Amino acid sequence: MTLKLEDLRHDASGCIRCSNCKFTEHIWMQSARFGRQCPISTRYAFNLYSAPGLMHSALGIMDKKLEFTPKLLDALFKCTLCGACDVRCKRNLDPEILSVIEVLKAKAVEVGKGPMPEHRVVTENIEKRNNRYGSPYDNRLKWLTDDIKPAAKADILYFVGCVASYAHNEIAQATARILMRINTDFMVSQDEWCCGYLLYSTGQVDSFSRQAEHNIEMLKKSGAKIVLVSCAEGYKTWKVDYPKVLGKSTDDMDLKVVHIVEYIDQLVKDDALRFKNSIPMKVTYHDPCNLGRLSEPWYHWEGTYKRYGVPEPPKTFRRDGHAGVYESPRDILKAIPGIELIEMERARDNAWCCGAGAGVELAFPDFALWAASERLEEAKATGAEAIVTCCPTCKEVLHKAAQSRREKIKVYDITEIILEAIS
Amino acid sequence: MSISREAYEALQSIVGSEWVSDDPAICIADTKGGYATGIVDINAVPPACSIQPGSAEEVQQIVKVANRYKLPYVPTSTFFTGMCAPSVENVIMMDLKRMAKFEINDKDLYAIIEPGISFSMLQAELFRRGLFTFVPTCGAHASVLANHIHCGDAPLAWRMGLGYRRILATEWVLPDGEMLKLGSRAYLKDYFWGEGPGPDLRALLRGNEGHEGGLGTVTKIAVKIFPFIPEKLEPQGVSPRTTLKLPESRMKWYNIAFPTREKAVDFMYEMGRCEIALMVSTIPPLFRYVARSRGLGASTFWEKWTRFGETANKDAMDVRVLIFGWTSEKQLAYEERVLMDVIADFDGVARPAPPFDESNFMSADAVCSWFIGGRFLSEVYFESLDCGLHTERGIREISRKRTPPLADTWDTPMLWAGYEFAHLGKQEYLNYADESELDALRVHEQDCREMDLKIGAYAIMEDTRMFGKAWYNYNQKMQELKNIFDPNNLSNPPKPLERPLHEKKS
């Protein structure tokens, strides 16, 4: 990582504690029940459990007035890095508060206080077997069934990711079958390593860099030009975090990252794909944070702040959530006959996090389930029969929450719906 | 800083171990209030512990423990203002965010609110029911309860009045832990009425500008709400470009250019006399450029603002008016006809403005003044619009002498907002400095105080002791009340008497 905590002093001290970061965008707020945006702040309420509290802690750490206390570590590693605070803040202000939280996690790791013990297990799995589960490396392509035949050489490399490769094979299989049905050649790689999302989001930047370098090299060797993903975490990692740790901008990476929803949506818009089958179902769509507000391209900036906080050199792009992937999945769902899409109160850049991001589900499963249950409540309030999402991790935790609460509402990955509509 | 184990355990027994902590990180996070960072909160010290009661009964018990162990406590909720940053040692920070129940009586038009409810939450619930309230200038994130008992300064106060006039029945935990119920709540399980039976003590809540937790802790209030029009305000856009689209059959914006400040102020008085419009306020060029650059970064603002300064008209003043067909479309047509007549009488030039709003019904952009970097100090005067002409002129002259290091305002007009049909006027002057030059703001603040003494003006957050006879014996009476209500001086000491700015200067 190129950023150190001290590089972000201007940002941490720029917090004015207005608390907008804790609330749903005021313009879009529709009820008090779903009027809050930050999972840790909503659940734990202490100021520490919020962006302003973490900003003040970061300043305390920088100024050596504070150490990584148990509560600080608890708040920091319960933060799912969902980015809601960052987007809310940047509606009016400029501080890069999400970067401060990311770098504060990295600082905790640097001084040996982080990550959480459960994260260390995953780190060991990744370091030994290149996947988060610690499964044998050879099992990475076990999800391939007889009917799925990737090409030996293609412009598209389907980067499957750990969750779809090892735990939720149905997503990998649906994605591959969709690509085959629409006659798109794609490769998969036996040499794919964990994208490293869990490492980066728990502050383990050195280990993450190793994953990034390997996967970029793997892509180069494959000859593919496009990395296609079906996972929101993988999408954001390739598009944002790889360039970030390499000190580059997304545009300067010699690759293009595409989520399956962007690919399918374009085909539908070009009239190259039509959904034949009707799926009579009321659904609501859950925006994964990593595909929505966090997926904007990364623009590398190194410089200083001059008088009145003017950045020198000027920043050329503002990551504030306006350019996330919000419409593609919605347009796909709307194009499928029979599907009625009903929005939740908190949608697009306002989406409530499922609670599983940044390894929170591993270290704090109860809190993750609570956050997912909140989302289920919101989904139920729409009258939808199912929640559709675009991220295996979101699907997993929402499904667990539904099971634990014995809810009837179903949880689908969008690839499963698309496949059914074109089969 | 610490409190005894015995006291801590007593607190723990009230709320449970999850909702009280003396972890240094928890305490440091409760140190810094917002607003004018490095100025208002300059004397803040970390509390000894932070506690989150879930009910008024728990608040009472916490306050009794505070009295038993002689520990000061500070009640707070959304914590935007630095007034509730602890400024003495060994404070129990009493964060009321968990108390977030509300009830809306749409028949008798009042809402019962606990401290954790923000304005956007209440407004969203009211809109669902065809009702509405004001949203304060500080933003929709503010606590409804805290803002009502502080002042309730809001753009829509032009027609709806300041919030503190609309407090109805109230539940108030006094500094000794006893519960005081005001208005109809004193005898009934009903909140509809603010005055009696018994003495009406709501004026003590309002004070000069609220008691800021210095006379106890208000745990529940009822506030008056209003019927809204049947048409909806439609949210649009993705952050940072979100806005509410206004129904054009009922609402219409006009920006009106006047050749001088005096003409604009006279226009505002006449608008008040005609009793039309929902909001009437000037649009300072500074605010206009901040709004234009929001979402584009500080560089954009300074580039545009500097360019503007080269040709800025220092005398011209624009006024923004929202006319409102509250009862019917006919009313909108009537207000528009009257508005046009008044504009013509005062040499104004009217320009209709697009039917969108981000500042008045949900106030989502209230804090954008900070994005242009650095730090600012806001001199705010509540008096008359005419008084605003004097104070603005005075501050402009002072600013000119201190620029640089203060950022150039190009001598352009600042904010005048008319409240209660111009019976009350607010004037606000913003001065910016770089964060490394906070001393410049403090010196500027001192200059402004001297000017205030000379012309007899009084800015909010100012030490009332400075003004002698102009404030009669306000401070003496407040001290007497503080002694009666809070003999142990535990409820956010030294509030409501001394102001952080004054403390810093001394």
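A, B, ... follow the sequence lines: proteins, then strands. Residue 1 opens every chain. Everything numeric here is computed off the predicted structure, so don't read it as measured data.
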Check: [Y] main-chain N/O paired with [X] side-chain donor or acceptor under 3.5 Å:
{"X": "N92(A)", "Y": "A364(B)", "result": "yes"}
{"X": "W302(B)", "Y": "G309(A)", "result": "no"}
{"X": "D349(A)", "Y": "S239(B)", "result": "yes"}

Within a strict 4.5 Å, meaning less than it, do heavy atoms of the [X] and [Y] side chains meet?
{"X": "Q123(B)", "Y": "M29(A)", "result": "no"}
{"X": "K22(A)", "Y": "T78(B)", "result": "no"}
{"X": "R128(B)", "Y": "S31(A)", "result": "yes"}
{"X": "P314(A)", "Y": "E303(B)", "result": "no"}
{"X": "P404(B)", "Y": "R307(A)", "result": "yes"}
{"X": "H26(A)", "Y": "F119(B)", "result": "no"}

Tell me the closest heavy-atom pair linking [X] and [Y], and the distance in Å.
{"X": "A29(B)", "Y": "R17(A)", "result": "O-NH1, 2.7 Å"}
{"X": "F371(B)", "Y": "D94(A)", "result": "O-OD2, 4.0 Å"}
{"X": "I51(B)", "Y": "F46(A)", "result": "N-CE2, 4.5 Å"}
{"X": "L72(A)", "Y": "D23(B)", "result": "N-OD1, 4.5 Å"}
{"X": "H141(B)", "Y": "N20(A)", "result": "ND1-OD1, 3.1 Å"}
{"X": "Y308(A)", "Y": "A298(B)", "result": "O-CB, 4.4 Å"}

Report, as yes or no, whether the 6.0 Å neighbourhood of atom [atom1] on [X] holds more than 12 heavy atoms from other residues, nucleotides or ligands.
{"X": "E67(A)", "atom1": "CD", "result": "no"}
{"X": "K315(A)", "atom1": "NZ", "result": "yes"}
{"X": "K113(A)", "atom1": "NZ", "result": "no"}

Max heavy-atom pairs within cutoff under 4.5 Å with chain B, candidates R43(A), M55(A), R348(A), R293(A), goes to R43(A)
Among F23(A), Y44(A), W28(A), the residue with the most heavy-atom pairs under 4.5 Å to chain B is W28(A)
| said: side-chain contact (heavy atoms from CB on, under 4.5 Å), that's the test. Do E25(A) and M362(B) meet it? Break it down for me. | reply: CA-CA 10 Å; E25(A) 224 277 38; M362(B) 270 304 193; over 6 Å; no
Please classify the contact of [X] with chain B as side chain, backbone, both or neither, using a heavy-atom distance under 4.5 Å.
{"X": "R33(A)", "result": "backbone"}
{"X": "P70(A)", "result": "both"}
{"X": "F68(A)", "result": "neither"}
{"X": "Y49(A)", "result": "side chain"}
{"X": "K90(A)", "result": "backbone"}

Distance (rounded to the nearest 0.5 Å) between [X] [atom1] and [Y] [atom2]:
{"X": "S118(B)", "Y": "R36(A)", "atom1": "OG", "atom2": "CZ", "answer": "7.0 Å"}
{"X": "C27(B)", "Y": "K71(A)", "atom1": "SG", "atom2": "NZ", "answer": "11.0 Å"}
{"X": "S363(B)", "Y": "I27(A)", "atom1": "OG", "atom2": "CD1", "answer": "9.0 Å"}
{"X": "I28(B)", "Y": "K65(A)", "atom1": "CD1", "atom2": "NZ", "answer": "7.5 Å"}
{"X": "S50(B)", "Y": "N47(A)", "atom1": "OG", "atom2": "CG", "answer": "7.0 Å"}

Of the listed residues ([options]), which shares the most heavy-atom pairs with chain A below a 4.5 Å separation?
{"options": "T242(B), V238(B), D95(B), D365(B)", "result": "T242(B)"}
{"options": "R241(B), M93(B), Q236(B)", "result": "Q236(B)"}
{"options": "A366(B), S369(B), P405(B)", "result": "P405(B)"}

Toward chain A, the part of [X] with a non-hydrogen atom under 4.5 Å:
{"X": "E18(B)", "result": "both"}
{"X": "I26(B)", "result": "both"}
{"X": "L296(B)", "result": "backbone"}
{"X": "T243(B)", "result": "backbone"}
{"X": "E358(B)", "result": "both"}
{"X": "A407(B)", "result": "both"}

